[in-house]
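Shown next, in structure tokens, is the structure this report addresses.
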Amino acid sequence: MLPSDKPPAAPIPSPPFSISSLISSRYNPTKGKYLHLLSSVISLPSVLSLSIPASSFPLHFSLASLSLHLRLSSLSPSSLSSTIPSSRLKGASLTLPYPPLKLTLDSLRLALDSIYAPKRATFAYSGRHTAVKYIKNYIQNPTWWFKVDIPRQHFTARHVSRLLEVLSGKIDDPQLFLFVRDLFESDLVSIELGGAELGRGFPQESTIVPTLVNIYFDRVDRELQVIREEVHKRNPRLKEEHLTGNGSTSTAFHRPVRVYAIRYLDEIFVATSGSKFLTLDIRDRILHVLEGELGLKVDKLGSSVHSAVSEKIGFMGYEFQAVPPSVLYPPMSEKAIRARKKYLKMKAAKAEELKNARETRRKKLGLKILKQLFNRMKAGESFDLGFGIEREVTEVFDEWAGETVKEYFQNLENRCYWHRLLLTGDFFRLDRIRCQLPDELVQSYDTLQEKVEQFLSHVRDIKSLEREQSRKIEEEERCYAKRTIDDLAELKIKVSAPIEQVRKAVKLAGFTNSMGRPRPIKLLIRLDDADIIKWYAGVGNRWLDFYSCCSNFKMVKTVVNYHLRFSCFLTLAEKHESTKRQAISHFTKDLKVKSKDGVDEIWFPTEREIKMMGAETRNIPDPKPVDGTLTMILVQLAVDDKEKYECVAHFCRETDTTILYRIRLLQNRLNVDPLNEMKWVPGLGAVHESLNKKCFPLCECHANELLLGKITLQDIDCTSYVDIE
């Protein structure tokens, strides 16, 4: 066992290696803990370089020197940080880490995830869409549910002590605990529970925050696991033979009481298929753990138990409600059935029309060829083809004739007509006539009758048609009965986008006026045409990605396809002092813009792409909300070309295509406090106000990605802003 007062020498792993194997090598079975992670694992240059992409530029700092300071515990977090002052006199400042410290935090996050993530509860999700998929597919027949409402509160020193106590349960590393405490005391890692900052890519949220929140809420996860095991043990699921009895088929519905739980960071959602008293008891036990053991404030009124059928509940930015299956998968209405039949009829008529036109053209071509040959032969001209075509012509005409006859007799009415014509009123059926005729003639007649019955009899087809019609009726009745029973005995979860909040956000950002009609955003006029379209595309794509799993996704598509698209047209028209019609004519409905090479580029989703999007067509486990892109505008600055700046994106030092951009935040432009839900959109986060009007040099690639919402401010070094008035 290594002594705790002297840090061990850092082992150099032989590639290839994994951080999990390094963590496992530091496990002490005697203590049941991992020893000296900071000095022996996190400080390794190979571990620190895991977060550095292979195609990155050379670093500004020495990785070996950083590793040495971490190993010797001589690294002070406050010395590797910068405090960004607010643009307002009474505004709050923001403390952010320099790249070396940020790289250290990423390594610490990887180490903690390798220890805690494998044993994390299955209902503790790290992706919103993954959690929504579980809610839609696995929660069955909920009757009552609730959401734990944690009001906005700061992670204080008392919570940090509790977090370190949880970490000490599996880790024995005083240096690491001191390092984590220094991070919180210097405000380099700040956690705002119950707010709208977690999991949104804001710069004020460190990349290690989700990992620390999951570790802190592990006690709640274990309590929920105990509750679920107790309830499921008291209500076991019966086997099939217990339901059927003596080998007979049972029509009974067995619905054992179940408890479902989902946690995403600091948001907790619990649903039960039992009584309200059971749900209240579960809620009280969870609130007791949160208030008593974790020391968190909980709004008991906001954590009230609601009926799953009659009330909607908001969770992770979505709305959930238990509905019968027919609401999610409604049967076709009479109008839709008539429209479908009309469409199929028109489709068949169009196919028949094309076939007749093809045959007409073929006939005209054949007659033209025969006429030409006849005229030339009439003039005495002879033809020697060198081979006979009689057999090929015969085969072609036989094939055409066979297709015509087959198509004719596929019609039941034609077959009935010829069957009746060949069998009705024939004197060859009379015995006194048959005995006077030659046997060969009688046999030929009987053979003809057999062939007529065999090929033209319509009785079998009529019976088959009747059976098919009766089968369809029975199938419809069976489907109707099953749908009715399912509606009475089963409940599904309907996931909806909070469309009122979306409309309020559209109005707050300036996409629409007070009447709900698109309007231009005049601040964007200073941008290039391509940057204007990219910003609108970033907002639209974020909304489409985030709400693609919702049942009312069509309404979100309308917001993007109409309000955002035409607001972009109006902004471009305002910039070029033209009309909306002229802007649409120049940029087209798809908002095409010319690149530097003269190639048409399309950044905004086209109308066809939006129309073809369906629920869950974009398989994104954890899409970022629209908050960061919607509340921030990048304004390009005109500066002296002789002065070169390096791109501030992480691990990028590009200088050739770097352009200065000034950040303009929505809350500062509107002079609105994001914490005031009366003037702000509930649930909409905002970038920290200290970054307002700060200038950042970005290369063309990273500027495009930031405008399009593909990266966030967490992916750039916000401490390297350029101070320009």
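Every value quoted in this text rests on a predicted model; they were computed, and no experiment measured them.
In this view, Tyr536 and Phe511 satisfy the ring pair (Phe, Tyr, Trp, His ring centres under 6.0 Å) rule, not counting sequence neighbours. For the side chain to side chain contact (heavy atoms under 4.5 Å, CB included) test, residues two or more places apart in sequence or in another chain that qualify with Arg526 are Leu523, Val635, Arg664. Listed by chain and number, the residues in a salt bridge (charged side-chain N to carboxylate O under 4.0 Å, His left out) with Arg228 amount to none (sequence neighbours excluded). Taking the side chain to side chain donor-acceptor pair (under 3.5 Å) definition, one finds that Asp529 meets it with Lys575, His576, sequence neighbours left out. The ring pair (Phe, Tyr, Trp, His ring centres under 6.0 Å) test applied to Phe184 returns Phe155, not counting sequence neighbours. With sequence neighbours left out, the ring pair (Phe, Tyr, Trp, His ring centres under 6.0 Å) criterion links Phe604 to no other residue. Listed by chain and number, the residues in a side chain to side chain donor-acceptor pair (under 3.5 Å) with Asp173 amount to none (sequence neighbours excluded).
Using the six-membered ring where Trp is involved, Tyr721 and Phe696 have ring planes that are perpendicular, over 60° apart on the 30 and 60° scheme.
Residue pairs meeting the salt bridge (charged side-chain N to carboxylate O under 4.0 Å, His left out) criterion with at least one member in residues 202-214: none, sequence neighbours excluded. Among residues at least two apart or in separate chains, salt bridge (charged side-chain N to carboxylate O under 4.0 Å, His left out) pairs with a member in residues 288-299 are Arg219-Glu293. Within the structure, salt bridge (charged side-chain N to carboxylate O under 4.0 Å, His left out) contacts touching residues 624-639 (residues at least two apart or in different chains) are Arg200-Asp627. Sorted by first and then second residue, the side chain to side chain donor-acceptor pair (under 3.5 Å) pairs with a member in residues 147-160 read Arg152-Glu197, His154-Glu192, Thr156-His159; sequence neighbours excluded. Each salt bridge (charged side-chain N to carboxylate O under 4.0 Å, His left out) pair with one or both residues in residues 694-720, not counting sequence neighbours, appears once here: Lys596-Glu700.
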### Task
Tell me, with the steps shown, if Asn214 and Arg263 meet side chain to side chain donor-acceptor pair (under 3.5 Å).
CA-CA 9 Å; Asn214 285 326; Arg263 183 180 66 80; 3.0 Å; yes
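When atom types are taken as modelled, the side chain of Gln501 and the backbone of Val681 share no donor-acceptor pair closer than 3.5 angstrom. Put simply, the side chain of Asp673 gets close to the backbone of Leu675: a donor and an acceptor are under 3.5 Å apart.
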